[in-house]
Colleague: 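To start, I am sharing the structure in question, which I have written as structure tokens.
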Amino acid sequence: MTKPGHSFVGHSVNRVDGHAKVSGRAIYVDDISMPGMLHGRTVRSKVAHGTLKDIVFDAAFDWSDITTVTAKDITGPNFVALMEEDQPALVPMGGKIMHHDEPVALICGPDKSKVDAAMAHIDQQVDELPAVLSIDESRAANTLLYGDDNIFKAYTLEKGEGLDEAFAAADHIVEGEYFTGAQEQMYIETQGMIAHWQDESLHITGSMQCPYYIHNAMKSLFGLEDEAVVISQAVTGGGFGGKEEYPSMLAAHVALLAKKAGAPVKIIYDRSEDVAATTKRHPCLVKHRLGLNAHGEIVAADVDITFDGGAYVTLSPVVLSRGVLHSIGPYKCPTLRVVGRMMATNTPPHGAYRGFGAPQTTFAYERQIDKAARVLGMDPVEFRLRNRLNLGDETATGQILKNSVASEKVVREVMAQAEKEPPNDICMPKAVQDVKRGRGFALYYHGAGFTGSGEDRLKGRVAVAVNKQGEFEVRSASTDIGQGAFTIFTQIAATTLGVDVANVKVVQPNTKMVPDSGPTVASRTCMVVGGIVEQAANGLKEKLQAYGESKGLDCGDVLALAEAHAKDVGELAFETTYKSPPGIHFDDQTYRGDAYPCYGWAACLVDVAVDPDTYEVTVERCIHAVDVGKAVHPIIVKGQIEGGTMQALGWALWESVLYKNGKVMNPSMTDCIIPTAMEAPELETIIVEEPYPHGPHGAKGVGEIPMDGPAAAVANALQDALGKSFDVVPMLPETIAEVLKGGPA
Amino acid sequence: MKIDFTLNGEQREIDVTPMSRLLDVLRCDFELTGSKEGCGEGECGACTVFVDGKAVNSCLIPVAQMQGREVRTVESLASNEMLSDVQQALIKFGGTQCGICTPGIAMMASAALEAEPNASRARMRELMAGNLCRCTGYQLIIDAVISAAEARRRHG
């Protein structure tokens, strides 16, 4: 029995899901079977842009045990509700196909192999239209996909006056153009969902990040009331943003099939379908100009950002917003202008991926900062320290940093580690002659929680309860997608309640059982939702103690109070709604004010070795210091930092999504590679704790920040090694070869 | 066709299409859902099982080849409720996050430790290179496996 007052925060307790996961007992969606369950498949478009004239089901094929669904079967409004009502669940007859692999029909049946075979007997008649396949083609607007300019959304951010004069007065101007490519999340569990209907209500279980996004989309599609839609999360095999918005589409499909077939329906994407059809990180072009004075200070910045949004709006405006807000980085700059736009193309929609627009613009500004130091003849680390934001400084949006700034600490920690012996486990093979080596650095920050006033609009809710059995439950819609949400919630709740972690269970998210805590995104789960868990646990404890007092019980033993309450009265729940900390104001119209309640800070140092013949790059050392406010669970935090670091190194050097005529050409793990344990360097991870006063125990976000900076550190290291500028992600051997030849990067 | 084989120590017989993938037979016919499918082409290792003690990708193997063989799955790693040393280390060191690759990682790590109990970290990375993990960056997985190896050496 743990004494009240014991803190589990800051201790790496065993993960609550650890036993089930290592033993193979954790139940993912594909492990679930229901009586009479049918297997579904999605018929997808074969062109990037066109008009769907007809779908022909081969009359010679035996369709007797196959159910087919087309847009004609959708009785309600045919769109997947998110930000705009533009993306249909299925392309209607006569409607526009906007991208390759867009869903046009659905089939299901009891025999999986027969359903697979049936796919070859469905023909689409399409009038093909000219496709818009790049940012440039979209901006030319010869073919219009959206509005009268193909721009889904544009933002302008300005600070100070007289930008032209500031550049004219600058002693040096550094100019660069940066392109970062699409990135596949490549969660190891592909997307999957099961639906069944029972007494006019829809039940969906699957792999997801945001149960209430799906809840909302299903209510809209089928015209159902809140309680007639029940969305529950199965154990989810990774998301990284890829299971933020897309699962609503898949949910719509299984629900439509299950409704028509009158039986439960499961769809599990195979890897090729998942890579070809689901969202990826937005490709992005950044033109970045910095003005410097002779003292080595940044005096002006002019940034032009264009994202490729793909065929539908999805969440792209929010991605754009975060990209714009992060595009100056953690640096002082008195005069600046940032123009950002999100373009429509006939590519499968790009969407949420860890970092959400910030990695793209971080790559650009951290290349610029490195080039600026070179122009000035300054040490790149020294230049960063001179220009970094500190306490009391003003960000690009005019936000005064009042607390929790670790911009110097993360740099010092990295440099101190670099003085130590390298782990030396991963090196370029000794047989390689004349290896070129280089070192690169990057400094960056990441706003934690929703952008601007987002958290005020979301009003995330959590309940902490004593159930009828006298057990403590955390009821939250935040999903555990591997990041350890359930474990840290038990730590926070148990610490507040003064009970053992073993006495607290986190309810598997299910819209019938848990309130809407907001989506599991934006590095907000620990900082924002964890804070609501703490408040709700506190509220519950007070209620239990009041009950104890009224009954003359020992109010120090909360566990006993809970048992007594459950026995005598029954369940007791306390629900809390998130309130933004005081003094946080952001103007969504002018883009001025407190863009985020707080920022995490990070610095990364990368040593690369380049094979002079093959241009293969080995990352020999990667030191990453990340400020998380407070590490609620140090091992989980380390895992978050290292996983994000590796995805960033992968994006920088190996991961490439290839498109031809709007179709993904390498939709497999064999061709769309991610790093293995052999490419991964020994990661030297440093957790920095600069507490955020309004986070639970000082915690702020951690999920996304490690994704932001390592790619720029790699490019800076390559420039150090090879003396040329590397401004494109990914930096594949062929990219490096072209840059060295002096051709286009 | 009828196939006789040993599955997790028990003699089993099944009547099945010979070209069925071992992975599907394990998951669907024997309800052993611990083995996962991540790619279906032998790239990710989430479906790793032992055939006659050797780690293989069960998504690439037609079940017909299992006649008379001994198959072990992740469900056999723990004895009763007692997790193996590798499984315990994966929890302790943070080597599991989303968990979908974990059964395959646990199987491959167990095989690697049997084959090369004194493997260095760099060698262990090579041995584990057929198992993809997107969550951890591999560091904590390698920490776990190396620690299990050290513990085995300490305890003889």
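FYI, side chains are in, hydrogens and waters are out, and symmetry mates aren't considered; it's all heavy atoms of this structure. Lettering of chains follows the sequences in order, A, B, ..., and the numbering in each one begins at 1. This structure is a prediction, so every number in the text was calculated from the model and none was measured.
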Colleague: Please look at A:Asp274 and chain B and tell me whether the side chain, the backbone, both or neither of the residue comes under 4.5 angstrom of a heavy atom of that chain.
Modeller: neither
Colleague: Tell me, for A:Ile481 versus chain B, whether the close heavy atoms (under 4.5 Å) come from the side chain, the backbone, both or neither.
Modeller: backbone
Colleague: So which of A:Met646, A:Arg271, A:Lys638 has the biggest tally of heavy-atom pairs under 4.5 Å with chain B?
Modeller: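 Going by pairs under 4.5 Å, I would pick A:Arg271.
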Colleague: For the pair A:Asp31 and B:Lys36, find out whether any cationic side-chain nitrogen is under 4.0 Å from an anionic carboxylate oxygen.
Modeller: yes
Colleague: Is the shortest side-chain N to carboxylate O distance from A:Arg15 to A:Asp480 below 4.0 Å?
Modeller: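 Salt bridge flag = yes for A:Asp480 with A:Arg15.
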Colleague: Please look at A:Asp270 and chain B and tell me whether the side chain, the backbone, both or neither of the residue comes under 4.5 angstrom of a heavy atom of that chain.
Modeller: neither
Colleague: Using non-hydrogen atoms and a 4.5 Å limit, figure out which bit of B:Thr96 sits close to chain A: side chain, backbone, both or neither.
Modeller: both
Colleague: Charged N to carboxylate O under 4.0 angstrom, B:Lys54 versus B:Asp52?
Modeller: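 Result for this pair is no, no salt bridge flagged.
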Colleague: With a 4.5 angstrom heavy-atom cut-off, could you sort out which part of B:Gln88 is near chain A: side chain, backbone, both or neither?
Modeller: neither
Colleague: Looking only at heavy atoms and a cut-off of under 4.5 Å, which of B:Lys92, B:Glu41, B:Met124 has the most pairs with chain A?
Modeller: B:Glu41
Colleague: If you count heavy-atom pairs within less than 4.5 Å of chain A, which of B:Glu43, B:Arg27, B:Arg134 leads?
Modeller: B:Arg134
Colleague: Using non-hydrogen atoms only, which part of B:Ala78 is less than 4.5 Å away from chain A: side chain, backbone, both, or neither?
Modeller: neither
Colleague: In terms of heavy-atom proximity below 4.5 Å to chain B, should A:His19 be classed as side chain, backbone, both, or neither?
Modeller: both
Colleague: Do you know which of B:Gly34, B:Cys98, B:Gly40 has the most heavy-atom pairs with chain A at a distance under 4.5 angstrom?
Modeller: B:Cys98
Colleague: Applying the side-chain contact (heavy atoms from CB on, under 4.5 Å) criterion to B:Ser35, which one of B:Thr73, B:Asn57, B:Leu22 satisfies it?
Modeller: B:Thr73
Colleague: Which atoms of B:Gln97 come close to chain A, meaning under 4.5 Å heavy atom to heavy atom: side chain ones, backbone ones, both, or neither?
Modeller: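 Both backbone and side chain.
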Colleague: Begin from the C-alpha positions of A:Thr205 and A:Met193 and carry the test side chain to side chain contact (heavy atoms under 4.5 Å, CB included) through to its verdict.
Modeller: CA-CA 6 Å; A:Thr205 301; A:Met193 209 71 78; over 6 Å; no
Colleague: Has A:Lys112 got more than 12 heavy atoms of other residues, nucleotides or ligands less than 6.0 Å from its NZ?
Modeller: no
Colleague: Taking the side chain as every heavy atom from C-beta outward, state whether A:Met707 and A:Trp651 have any atom pair closer than 4.5 Å.
Modeller: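 A:Met707 vs A:Trp651: side chains touch.
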Colleague: I would like to know whether A:Glu189 and A:Val29 meet side chain to side chain contact (heavy atoms under 4.5 Å, CB included); could you show each step before the answer?
Modeller: CA-CA 9 Å; A:Glu189 180 207 33; A:Val29 60; 3.8 Å; yes
Colleague: Pick from B:Cys135, B:Gly94, B:Ser84: which one has the most heavy-atom pairs with chain A under 4.5 Å?
Modeller: B:Cys135
Colleague: Taking CD in B:Glu31 as the centre, count heavy atoms belonging to other residues, nucleotides or ligands within less than 6.0 Å. Is the count above 12?
Modeller: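 No - once you tally the heavy atoms of other residues, nucleotides and ligands closer than 6.0 Å, there are 12 at most.
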Colleague: Against the six-membered ring of A:Tyr353, is A:Lys280 placed for a cation-pi contact (under 6.0 Å from the centre, within 45° of the normal)?
Modeller: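 So A:Lys280 doesn't make the cation-pi contact.
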Colleague: Measure B:Asp143 against the heavy atoms of chain A and call it side chain, backbone, both or neither at under 4.5 Å.
Modeller: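 Contact with chain A: side chain only.
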Colleague: Who among A:Ile635, A:Thr190, A:Thr487, A:Ile188 has the most heavy-atom pairs with chain B under 4.5 Å?
Modeller: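 Most pairs with chain B among the choices: A:Ile188.
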Colleague: Would you please test A:Val115 and A:Asp111 for side chain to side chain contact (heavy atoms under 4.5 Å, CB included) and show each step?
Modeller: CA-CA 6 Å; A:Val115 174; A:Asp111 179 352; 5.9 Å; no
Colleague: Return the option, out of B:Cys133, B:Gly95, B:Pro103, B:Gly99, with the maximum number of heavy-atom pairs under 4.5 Å with chain A.
Modeller: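 Ranked by heavy-atom pairs under 4.5 Å with chain A, first place is B:Gly99.
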Colleague: Name the region of A:Gln185, side chain, backbone, both or neither, that has any atom closer than 4.5 Å to a heavy atom of chain B.
Modeller: backbone
Colleague: Considering only heavy atoms and a distance below 4.5 Å, find which of B:Leu83, B:Leu127, B:Ile142, B:Ile105 pairs most often with chain A.
Modeller: B:Leu83
